Every structure is written in structure tokens, then in C-alpha cells.
Amino acid sequence: MLLSGGDINTGVPESDMQDAIPDFKGMNLLGYDAMAVGNHEFDNPRDILAMQQSLAEFPFLSANIFDAGTGKHVFEPYTTFDLDGLRIAVVGFTTTDTPKQTSPENVKGLDFQSPVAVASKLIPELEKQADIIIATTHMGHYQNGNHGINAPGDVTLARSVKGIDLIVGGHSQDPLFKPDLQNDTYIVQAQEWGKYVGRADFEYTNGQLTLTRYQLIPVNGSEDDKVIPENQAMLSLLSPYQEKGQQLVEGKVGAVDQRLMGERSEVRFQPTNLGTLLTEALMEKSGADLAVMNGGGIRSSINSGEITYKDVLTVLPFGNTLTTVDMTGKEILAQL
Ligand SMILES: [Zn+2]
């Protein structure tokens, strides 16, 4: 089975400007069986998400997103497979941080409930109809369940709810080179951006599921030198989108004489020259006395030399809105 932890949307300008259509077509060709709904699936208006769902030949799963009005599931909570008589249920869960991490307009009327609370009721039900239960999640893997300011992730789910055999996760962009076994649940994650294909082989004998092999297989573009030849069918499917995307983003917009630092490891923890440039641009645009920007919204560095529209979109992929407020100095200090 081929499963995705979600967040197909946002981050690659050529794809973003084409509503991730190339990604979903590529996933169809790869033969994905199911995908978890990620927070970035809500970066676009809901009609675009609906278009992506109809384009995909696999279900978008989330058992903990409800319509606030009707109390009904907005996505399929789970799907089942029959592999030569072996009954497998795949259930999806989405981080409850989603409404904080995306535009309020796109999650209006949605109720993101606790995955642990939903799973506590749903998993015992699924155990009656399936031999194996897999959760494909977009909640994050946090070492020893220490999720900090983030909503609880896969470790908390596995420790709180018995009966999930495997969690295929995403969101924290964590390369798990060994599965994390918690409460008889294997948790796996293949980092980010298609850098790896995570492969887990299991044996199922007399009701016992045993992990026999687990690998993160590097894909081209990672540090590994072994180059995997391009697949001709995939290349011909995606080339027209790549060409169209390049035309859309190749325009030069400026130049810079030093590297502008936007790496996650720095920009989320301290000011950098890129963060300062961006906030100064916000001040100039708005006429405000100071500007504040979330370091998590700066997604890449810019190298010394010419800057293209693509560079700008890679740094700032979210289409955020600049907002000004009147505050006293005292209020600003309290905020900081
Ligand atoms: Zn995410």
C-alpha cells in the first residue's frame, strides 16, 4: 500500500501557481491508496480542495474534521482494503493546529476535534471489521510525545489509544530512520518534499503482525549519490506542467549582494538578515512604526545574485495579508 501524510499543497511555486494539479496527477500515476488531509490543504479556498479531491484517484482521509453545523464528517474518516482476504482499515487524522496555521476563511464552519478523542471511539469499531489498522496522519512526530507549543502528535495518539498497528505520519518533517514503537504501534515518517520513500515490510501470521524490514529510500535530490533514472511515463506527464510553471515564475525582480538567511534552524529562533529585510519591507509598505513577522512564515533562503519571482514565492509561499493595528507601547511590550 502507498500512503501519504498530506500537505501536498504549498511550497513549490510551479505547483502552487497550478493549484497542485501536477502533484495529484503524479500521485495518481504512482498509485497512491490514500492520503491524510494536511493543514496546507487549507491554504487555498475550499473549491480548489474539492477540485483536487475529484482529481485524485484516492481518498483524502480525516476522521477528526467535522462540519460545525451538522456535526458530520467533512472527509471520509477511513477506508478499507481487502488484500487476499486480509482486511485493512486506513484511518486519517489531521492536526488541530490547522485553524491557527491557515487563513480563517478556508476553515470557516469546520470543527477540528481531538484525534485522541475521536480515535478512542473509532478504533474499537474498526477492530471489529479489520485485521490491521493503519493511521495515516498529519499531526507530527514529537520525541517522547513532547509536542511543546504544537498540538499533540503521533506519539500521544499511539500512547492514548490501543489498537493502531502503524502510523504513517507527516507534518513535523521528521526523517524517522527507525520506526518509533509506542504502545505496540509503529510510528514512521519519511521527512519532507519527496526526499525519501518510506518502506515498511510486514508479515502477518496467525493474527500477529511483525515488521520484517524498514527503510527510508532516498529519492533524487537528496544527499545520496545514487541517481535513480527518471520514469518516462512520469516525465511525459509532468513536463508540460514544469514548462508552464517555469514560464510563470522565471521573471527577475531584483538582485542581492549577500546570502539572505531563511533556514528553518535559524529563522525560527532568532532574527536574520532576511527576516529584517522582510519586516522593513512591511514597514515601508504600511507606514507602520514597526513590523512583526512569524519566523515560521519564512520558508527558504535567497542566494547572492539575481532574484526571481520564484525565489520570492519560495521564501513567502502562503499569500499572507499585511495587517496594521494601533497599539500603545505598553501593549506591544506585553505582546512581546
Ligand atoms: Zn503540516
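Indexing begins at 1, ligand by ligand and atom by atom, following the structure's order. Everything quoted here is computed from the prediction, not taken from an experiment.
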S.K.: Indicate whether any N or O donor in one side chain lies under 3.5 Å from an N or O acceptor in the other, for Thr94 and Ser62.
M.R.: yes
S.K.: Regarding Gln113 and Asn64, is there a side-chain donor-to-acceptor distance under 3.5 Å anywhere?
M.R.: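 No, no side-chain donor-acceptor pair sits under 3.5 Å.
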S.K.: Phe66: what forms a ring pair (Phe, Tyr, Trp, His ring centres under 6.0 Å) with it, not counting sequence neighbours?
M.R.: His73
S.K.: Do Tyr32 and Phe24 make the cut of ring centroids closer than 6.0 angstrom?
M.R.: no
S.K.: Distance alone, cut at 3.5 Å: any donor-acceptor contact between the side chains of Asp201 and Thr212?
M.R.: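 Not at all, the side chains of Asp201 and Thr212 share no donor-acceptor pair under 3.5 Å.
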S.K.: For Phe42 and Phe112, I'd like to know if the aromatic rings sit close, meaning centre-to-centre distance below 6.0 Å.
M.R.: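 Ring centroids of Phe42 and Phe112 are less than 6.0 Å from each other.
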S.K.: Using a strict cut-off of 2.8 Å, how many protein N/O/S atoms surround the Zn ion (ligand 1)?
M.R.: 4
